[in-house]
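First the structure, in the form of structure tokens, and then the observations on it.
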Amino acid sequence: MSSEKGTQKSFISTQDWDKEELDKLLSLARDMKLNSKKYQNALDGKSICMFFYNPSTRTRNSTQVAAYQLGMLPTFNSIKDSWIGYKGSESIKDTAIVLARYYDAIGIRIFPNAVDWKYKEGNRIMREFSKWASVPIINFEDDQFHPLQALTDIFTIQEKKKETKGKKIVISWAYHPKPLPVSVPNSILLASTKYGMDVSLVHPKNYELDDEIMNLARENVKNCGGSVSVSNDIEEAYNDADVVYVKSWGSLEHYGNAKDEKRMRLTYRDSWRIKDEHLDYTKKDSIFMHCLPIRRNIVADDSVVDGKHSVVYDQAENRLYTAKALLYYLLKD
Ligand code: CP
């Protein structure tokens, strides 16, 4: 059997890419936001297979519209309509090789519940696709990373704050009724440290992020400047922040065991619901970010999500430009 192991460049984590390349993506996204017409049909005749094990609003639609504006064919595939969805019916290898014969890129979303909460299994499957497909694999969010979101977040911070260096970002846990993936906090932590920000990670005890990710963040600080600190105290962490990035995530100690985690999680329901008073600890012109979807008045109050600090809709809009920039960068001959 011949191997079709890919030599193509995939986008699975921002950590896999040099900062200079990420800078190129961001610069391209800025130009695409300003000069959309310039890129119209620039990828005419190309195609992307969008493969979803889990639901999505922003990732699916921003990529679909980005592809359309570039002249591409985007197709939506639910796992339920694929043989992979019937366990044991088809291997990742065969699926990846075959899809790569039809398409120029493959985007995949795979959350922890799609891999029975076996930690990092989603990311392993993502990399397995990348190993066999002869076209780029784009991570639409797995159980470890959400690189398109992180790229958009840096884009949005640069847009609102002009630069990242010297700016303080709080990556803040918040209450949510369910344990959510760690992909977004991991990704914004890695991206913001790569962009030299002063990062203050705040969460209750027992919600520590993976040591491996923390070590990568500290390595980024060594290489790119800035700082990273961890705290369990919201007031201290939010103090003087330029950016407040709120996201809930599940405790790794109880990973895949939501029942056991629930009692601990419930104790944080009120104290870790983000309110105006929390934003008051920050700079006057600080921005409130959330990747959405957000459970209003559970994760954060309406007055925060709709308030003067909030940039959540601009952040969501920017998903379009970064998706477009990535497709163009990966697929333009
Ligand atoms: N932020 C984000 O990835 O949104 P969706 O889950 O709607 O794609």
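Starting from 1, each residue takes its place in the sequence as its number.
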Which residues pass the side chain to side chain contact (heavy atoms under 4.5 Å, CB included) test with [X], sequence neighbours left out?
| X | result |
| --- | --- |
| Arg273 | Lys275, Asn297, Asp301 |
| Asn215 | Arg218 |
| Pro293 | Arg58 |

Is the shortest side-chain N to carboxylate O distance from [X] to [Y] below 4.0 Å?
| X | Y | answer |
| --- | --- | --- |
| Glu219 | Lys194 | no |
| Arg296 | Asp306 | yes |
| Glu121 | Arg124 | yes |
| Arg30 | Glu159 | no |
| Lys308 | Asp276 | no |
| Lys118 | Asp143 | no |

For residues 228-238, which residue pairs pass the side chain to side chain donor-acceptor pair (under 3.5 Å) check, not counting sequence neighbours? Ser172-Tyr238

Just by modelled atom types, is the [Y] backbone N or O under 3.5 Å from a matching donor or acceptor in the [X] side chain?
| X | Y | answer |
| --- | --- | --- |
| Ser187 | His146 | yes |
| Arg265 | His176 | yes |
| Thr267 | Met264 | yes |
| Asp260 | His254 | no |

Those residues that, when tested against [X], pass side-chain hydrogen bond (donor to acceptor under 3.5 Å, both in side chains) (two or more places apart):
| X | answer |
| --- | --- |
| Asn223 | none |
| Arg60 | none |
| Ser91 | Asp94 |
| Glu317 | Tyr321 |

Stepwise salt bridge (charged side-chain N to carboxylate O under 4.0 Å, His left out) test for Glu261 and Lys178: CA-CA 9 Å; Glu261 196 212 29; Lys178 289 182 181 166; over 6 Å; no

Can a cation-pi geometry be assigned to Lys9 and Trp17, taking NZ or CZ under 6.0 Å from the six-membered ring centre and within 45° of the ring axis? yes

Do Tyr255 and Tyr119 have their ring centres less than 6.0 Å from each other? yes

Any donor-acceptor N or O pair under 3.5 Å, side chains [X], [Y]:
| X | Y | result |
| --- | --- | --- |
| Ser183 | Gln144 | no |
| Asn318 | Thr156 | yes |
| Thr75 | Asn77 | yes |
| Asp210 | Asn186 | no |
| His309 | Ser286 | yes |
| Gln15 | Asn220 | yes |
| Asp270 | Tyr175 | no |
| Lys168 | Asn239 | no |

If I take atom NZ from residue Lys247 and atom CG from residue Leu189, how far apart are they, to the nearest 0.5 angstrom? 14.5 Å

Going by the ring-ring contact (aromatic ring centres under 6.0 Å, His included) test, name the single residue among Phe52, Phe51, Phe11 that passes it with Phe140. Phe52

Treat each ILVMFWY residue as a node, draw an edge where side-chain heavy atoms are under 4.5 Å apart, and state whether Ile48 and Ile110 are in one component. no

Holding to salt bridge (charged side-chain N to carboxylate O under 4.0 Å, His left out), I want the full list of residues that pass it with [X], two or more places apart in sequence or in another chain.
| X | answer |
| --- | --- |
| Asp23 | Lys19 |
| Asp242 | Lys283 |
| Asp240 | none |
| Asp198 | none |

Should the pair Trp83 and Tyr86 be assigned to parallel (<30°), tilted (30 to 60°) or perpendicular (>60°) ring geometry? tilted

Specify whether Trp173 and Trp249 have parallel, tilted or perpendicular ring planes, treating 30° as the upper limit for parallel and 60° as the lower limit for perpendicular. perpendicular

Given ring pair (Phe, Tyr, Trp, His ring centres under 6.0 Å), test Tyr53 with Phe111 step by step and report yes or no. CA-CA 7 Å; Tyr53 288 68; Phe111 284 174; over 10 Å; no

